[in-house]
A.B. asks: 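The structure under discussion is supplied below as structure tokens; questions concerning it will follow.
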Amino acid sequence: MIALGILLALVLLLVVFGLLFRLQILTSIFSGSYVRQIGLSNRVNAILMLVFMVVGMAAFAYSFIANFDKMNPPIASVHGLHTERMFWITMIIIGIVFVLTQVALFVYSYKYQYREGRRAFFYSHNNKIEVIWTVIPAIVMAGLVFGGWKEWTNIMGPAPANSVELEIMGKQFNFLVRYPGRDGKLGPINYRLIDATNEFGFNLNDQRSLDDFTAGEVHVPKGVPVLLHIRSRDVLHAVYSPHFRVQMYAVPGMPTKFWFIPTKTTDEMRAQTGNPNFNYEIACNQICGRGHFAMKSTIIVEEPDDYVAWYAQQKSFAEQNPDVLAAFKNKKTPVIEEVPAATTAAPAATEKAQAAL
Amino acid sequence: MAATNIPTGGAHAQEAPHVQHHAAGDHHDEHDHHDQHWLFKYVFSQDHKWIAKQFLISGIVWAFIGATLSTLFRIQLGWPEAQLTWLEPLLGRWVEGGKLNPEFYLALVTMHGTIMVFFVLTAGLSGTFSNFLIPLQVGARDMASGFMNMLSFWFFFVAGVIMFISLFLETGPASAGWTIYPPLSALPQAIPGSGAGQTLWLVSMALFIVSQLLGGVNYITTIINLRTAGMSMAKLPLTIWSFFLTAILGLLSFPVLFSAALLLIFDRSFGTSFFLSDIYIGGEALNHVGGSPILFQHLFWFLGHPEVYIVIMPAMGIVSEVLATNARKPIFGYRAMIGSLIGISLLSFVVWAHHMFVTGMNPFLGSVFMFLTLIIAVPSAVKTFNWLATLWRGNIRFTAAMLFAIGFVSLFVSGGLTGIILGNAALDIQMHNTYFVVAHFHLVMGSSAFFGMFAGVYHWFPKMFGRMMDEKLGYVHFWLTILAAYLVFLPMHYVGIAGFPRRYYAYTAYESFNQFGDLNTFISIAAIMAFFAQFIFLFNFVYSIFRGRRATENPWNSTTLEWTTPVEPGHGNWPGAIPAVYRWPYDYSKPGAPEDFIPQHIPYSQTVSSNLPYEKEME
């Protein structure tokens, strides 16, 4: 492929040199004052306009269809299916506008090319037409805004009470995952408690932390709302999982959240895609340093029963690290001021704002 | 021989009675211009035309640097497995064992963005054409303050030198993305580029902002105060309206970036915590508590969004002018064009947070910004329809400038439409920071602004340098460039719809993002083609300055005032009195007129045959 690229570049260079040569000849012929002639080249450019449009649109349509499946990996969340529908409706609307305006542009360019003796139509404005083409886009936009706003408030609204909760913490360059354990409550964590073993900064002086456990990847049950608490312990990251249409920044000092309902298990997806290696992936989608491009994690969607079984097998962090627990016990005083467990001011404000609407 | 023919050269300057423009200033009036030391004529010049050329040539140099950087990272993306040892002579130790260093990759991306957005499309585009056209088109001898104007260029120049030096630092230039989001940009522990490289970036940008403000104040003042007799605001060419509003946007928004940069400097160097909180990095917990990285994003995008209009509006103005001139038709809906520019300007200040839908910002704010963002599509649509209506039933001459103006409209439409998707918060959840965004803004503000710039250069080259650029080379340049632009950016949409994140060094680690290897190679080849096509322009530009065919005073039969000056206007622009203006700038193909254009300075009394009923009384 490199060879091809170099070859292309060379061919292009040759073309350039050829033109330069021609130019040299031309400039030696012409000298003195310049009077513009409108001749053959005007006609050639006009024809090229038409050719560019026809060939370009055909190639665009062909490549779009040829790549359609590749650009549409299957979707596996409830809201993802809604936004996907909206995405393609919007694409169709802008596709129509795209075709109409580009055709007008190139066809007018061709059709109204210079002709000897013709005069352009002196036409400076038409208020009626201008009002029409201001109002129509405004109405279409209003429709799109309304649809988007409805969907957005549903997605960003409060998670259902029966949600499975877990926390994802971004760090250079991987994601750490934490589950609340049997009590269903994520214990408070503090960045000052972080060290090589206690990567999350668990505060084991707090009862709620004792049964929290960490996991190498995200496990969630199918068909149940999942609420991701998201935070970062160093720079910005973003939890991005395209199959679920999930994306939210991980911000140091400001926990964020996102909830969704997975609709297909990993196994179902493997069968559907015919790819035995298929995995739902989390990609970091906010530049975070050297390893940004490889900062990933996996989401495993299981049948609810399998999920419960997996959950039951997990050992809490405290249980796995008795020495850390002992160190906390030995220090009588609670360590430092508490950082509130993953809650944000923002969603509360949203709920209020929504109530006001 | 060639030397005497260069730009605003001496010969014509001597004829110009350069009287009025210094009368108000405290400049040394006793000095005549032909006595000027060459240093003040060619280097520290106060002539707006010369300063414009300085901006243009710096802009071109920067564009080639920026494009080279993009070629480098496109090589990495197109051929992730390739051995790049052959790049070692250029990049030295940034190539490690035949592989590009991933941190250097991020530096390339960062510097490409910074250079293109600020140094090329802000300074190179608006700096060149605002400087060149404002005094010439409003009918002024020079800018309100020639001295401040000169300072504006030299602040920009120093900013450029500093940014250029940062490319060669041992720890690399700034690498946190052109948006320099902290904490990454604040902590050298996080990425080496956030050390000295980021410091130089911030210093350079602070100087750049000073340059923008000095320039902007001048543009605004000149347009408001120095219009020639009869040149009411409603008779200004659309170029001037666009430069005017661009300058206002810059003046109001750049200081906010300055404040963000200043606070970031404080966080980096003086231990404050504006943007930092709860950070454990490099094996230690930092003392910063209570800051918010999101605050930085608000400050950044409060500039950053108007910035994209600062980039695109001058191009819109240039394109309106070029389209009308070469379609030999009045621009359709002159007042609507001004109205939509004003609408875009106002709205551009209230849409910034659409860059931040998924940052954890309050979702209610997201709703508000989605609403405001989608409104801004309306004035943009009006402009597009008006351009199309301008072509309708025209008599089109395809000059190189005209081709680029048509190309601008095409790219602006293609790129602008996808903004409707990205502005929708619910859809942005998936699209945010993917190649869909990259494709969108490279079409709508990158490529189109470049096309506007090319249109401007081809169109006003004769007035700048007294010679013509070669048309045929211009045609080849145009067709190769528009083809390459589409070949690069249309496939990027596909990759983006599939969810490919931007700023990724390679996609090989993912099961989700490995289906488009071929397409990435294809995009890279097209990008390299686009890069090489620009050498045609470069050659044409340099060659034509010295050897181009000589221009006439008004080679395009245009109506605006700059074409009433001599072929090479001297300092002071008009050898005699400044012409007065009687009519709007778009009297093309007026029924009853002998020629197909009537310049602005022709009074109605001389055009009795073509006057419209309501113009009769002005005869």
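Naming convention: chains lettered A, B, ... in sequence-line order (proteins, then strands); numbering from 1 in each chain.
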A.B. asks: Do A:Asn285 side-chain atoms and B:His432 backbone N/O form a donor-acceptor pair below 3.5 Å?
C.D. replies: yes
A.B. asks: Using non-hydrogen atoms only, which part of B:Pro192 is less than 4.5 Å away from chain A: side chain, backbone, both, or neither?
C.D. replies: neither
A.B. asks: According to the interplanar angle, ranging from 0 to 90°, do the rings of A:Phe121 and B:Trp392 count as parallel (below 30°), tilted (30 to 60°) or perpendicular (above 60°)?
C.D. replies: perpendicular
A.B. asks: Take atom NZ of A:Lys70 as the centre, draw a 6.0 Å sphere, and report whether it contains more than 12 heavy atoms from other residues, nucleotides or ligands.
C.D. replies: yes
A.B. asks: Go through the steps to decide whether B:Tyr475 and A:Leu48 satisfy the test side chain to side chain contact (heavy atoms under 4.5 Å, CB included), and finish with yes or no.
C.D. replies: CA-CA 11 Å; B:Tyr475 298 153; A:Leu48 281 177; over 6 Å; no
A.B. asks: Under 4.5 Å from any heavy atom of chain B, what part of A:Val107 do you find: side chain, backbone, both or neither?
C.D. replies: neither
A.B. asks: In Å and rounded to the nearest 0.5 Å, what is the CG to CZ distance from B:Leu391 to A:Phe106?
C.D. replies: 10.5 Å
A.B. asks: Using non-hydrogen atoms and a 4.5 Å limit, figure out which bit of A:Phe98 sits close to chain B: side chain, backbone, both or neither.
C.D. replies: both
A.B. asks: Find out whether B:Gln430 and A:Thr83 are in side-chain contact, i.e. whether some heavy atom of one side chain is under 4.5 Å from a heavy atom of the other.
C.D. replies: no
A.B. asks: Side-chain contact test, heavy atoms from C-beta onward, threshold under 4.5 Å: evaluate it for A:Met156 versus B:Ile429 and give yes or no.
C.D. replies: yes
A.B. asks: May I ask you to test the A:Tyr114-B:Asn395 pair for a side-chain heavy-atom distance under 4.5 Å?
C.D. replies: yes
A.B. asks: Could you tell me whether the side chain of A:Trp152 reaches within less than 4.5 Å of the side chain of B:Asn424, counting heavy atoms only?
C.D. replies: no
A.B. asks: Checking B:Tyr588 against chain A: side chain, backbone, both or neither under 4.5 Å from a heavy atom?
C.D. replies: backbone
A.B. asks: Non-hydrogen atoms of chain A under 4.5 Å away: do they reach the side chain of B:Asn433, the backbone, both or neither?
C.D. replies: both
A.B. asks: Between A:Phe258 and chain B, with a heavy-atom cut-off of 4.5 Å, which part of the residue counts as in contact: side chain, backbone, both or neither?
C.D. replies: side chain
A.B. asks: Less than 4.5 Å apart, side chain to side chain, heavy atoms only: is that true for A:Met91 and B:Ile497?
C.D. replies: yes
A.B. asks: Any heavy-atom pair between the side chains of B:Phe513 and A:Lys296 that's under 4.5 Å?
C.D. replies: no
A.B. asks: For A:Asn42 and B:Ile396, indicate whether the former's side chain and the latter's backbone hold a donor-acceptor pair under 3.5 Å.
C.D. replies: yes
A.B. asks: So which part of B:Ser175 gets closer than 4.5 Å to some heavy atom of chain A, the side chain, the backbone, both or neither?
C.D. replies: backbone
A.B. asks: Could you walk me through whether B:Phe516 and A:Met71 pass the side chain to side chain contact (heavy atoms under 4.5 Å, CB included) test, one step at a time?
C.D. replies: CA-CA 9 Å; B:Phe516 273 134; A:Met71 64 176 114; 4.1 Å; yes
A.B. asks: Under 4.5 Å heavy-atom distance to chain A, tell me which part of B:Tyr586 shows up: side chain, backbone, both or neither.
C.D. replies: backbone
A.B. asks: Quick one: what part of B:Asp587 sits under 4.5 Å from any heavy atom of chain A, side chain, backbone, both or neither?
C.D. replies: both
A.B. asks: So which part of B:His493 gets closer than 4.5 Å to some heavy atom of chain A, the side chain, the backbone, both or neither?
C.D. replies: neither
A.B. asks: Checking B:Leu483 against chain A: side chain, backbone, both or neither under 4.5 Å from a heavy atom?
C.D. replies: both
A.B. asks: Between B:Ala285, B:Gly394, B:Pro501, which shows the greatest number of heavy-atom pairs under 4.5 Å with chain A?
C.D. replies: B:Gly394
A.B. asks: Answer yes if the side chains of A:Asn45 and B:Trp479 hold a donor-acceptor pair under 3.5 Å, and no otherwise.
C.D. replies: yes
A.B. asks: What distance separates B:Leu106 CG from A:His292 NE2, expressed to the nearest 0.5 Å?
C.D. replies: 7.5 Å
A.B. asks: Donor-acceptor pair, A:Arg119 side chain versus B:Lys590 backbone, under 3.5 Å?
C.D. replies: yes
A.B. asks: Looking only at heavy atoms, what is the nearest atom pair of B:Ala498 and A:Pro242, with distance?
C.D. replies: O-CB, 4.5 Å
A.B. asks: Under 3.5 Å, is there a donor on one side chain and an acceptor on the other for A:Gln102 and B:Ser414?
C.D. replies: yes
A.B. asks: Side chains of B:Asp278 and A:Met254, heavy atoms from C-beta outward: is any pair under 4.5 Å?
C.D. replies: no
A.B. asks: Taking the side chain as every heavy atom from C-beta outward, state whether B:Val289 and A:Tyr191 have any atom pair closer than 4.5 Å.
C.D. replies: yes
A.B. asks: Pick one of side chain, backbone, both or neither for B:Tyr105, based on which atoms fall under 4.5 Å of a heavy atom in chain A.
C.D. replies: neither
A.B. asks: Looking at chain A, which one of B:Leu374, B:Ile281, B:Ile191 has the largest number of heavy-atom pairs inside 4.5 Å, strictly under?
C.D. replies: B:Leu374
A.B. asks: Which atoms of B:Ala506 are under 4.5 Å from chain A, going by heavy atoms: the side chain, the backbone, both sets, or neither?
C.D. replies: both
A.B. asks: Identify which part of B:Ala176 has an atom lying under 4.5 Å from any heavy atom of chain A, answering side chain, backbone, both or neither.
C.D. replies: backbone
A.B. asks: Are any side-chain N or O atoms of A:Glu281 and backbone N or O atoms of B:Ser512, one a donor and one an acceptor, separated by less than 3.5 Å?
C.D. replies: yes
A.B. asks: Below 4.5 Å from any heavy atom of chain A, which atoms of B:Ile375 appear? Answer side chain, backbone, both or neither.
C.D. replies: neither
A.B. asks: B:Ile482, B:Thr508, B:Ile536: which one forms the most heavy-atom pairs within less than 4.5 Å of chain A?
C.D. replies: B:Ile482
A.B. asks: Among B:Thr179, B:Val378, B:Leu480, B:Leu187, who wins on heavy-atom pairs under 4.5 Å with chain A?
C.D. replies: B:Val378
A.B. asks: With side chain to side chain contact (heavy atoms under 4.5 Å, CB included) as the test, would you mind laying out the steps for A:Leu105 and B:Val413 before giving the verdict?
C.D. replies: CA-CA 10 Å; A:Leu105 178 69; B:Val413 168; over 6 Å; no
A.B. asks: Set out, in order, the CA-CA distance, both residues' side-chain angles and the distance that settles side chain to side chain contact (heavy atoms under 4.5 Å, CB included) for B:Leu612 and A:Phe122, then state yes or no.
C.D. replies: CA-CA 11 Å; B:Leu612 299 169; A:Phe122 185 85; 4.1 Å; yes
A.B. asks: Output the option from B:Phe532, B:Tyr510, B:Tyr507, B:Phe371 having the highest count of non-hydrogen pairs under 4.5 Å with chain A.
C.D. replies: B:Tyr510
A.B. asks: Non-hydrogen atoms of chain A under 4.5 Å away: do they reach the side chain of B:Tyr334, the backbone, both or neither?
C.D. replies: backbone
A.B. asks: Is the closest side-chain donor-acceptor distance between B:Tyr494 and A:Ser63 under 3.5 Å?
C.D. replies: yes
A.B. asks: Roughly how far, to the nearest 0.5 Å, is CZ of B:Phe478 from CZ of A:Phe52?
C.D. replies: 7.0 Å
A.B. asks: Does any backbone or side-chain atom of A:Ala46 lie under 4.5 Å from a heavy atom of chain B? Answer side chain, backbone, both or neither.
C.D. replies: both
A.B. asks: Give, as side chain, backbone, both or neither, the part of B:Asn326 having an atom under 4.5 angstrom from any heavy atom of chain A.
C.D. replies: neither
A.B. asks: So which of B:Met356, B:Arg335, B:Gln297 has the largest heavy-atom pair count under 4.5 angstrom toward chain A?
C.D. replies: B:Gln297
A.B. asks: Within the 3.5 Å criterion, strictly below it, is a donor on A:Asn275 or B:Glu511 matched to an acceptor on the partner's side chain?
C.D. replies: yes
A.B. asks: What part of A:Asn126 gets within 4.5 angstrom of chain B, counting heavy atoms only: side chain, backbone, both, or neither?
C.D. replies: both
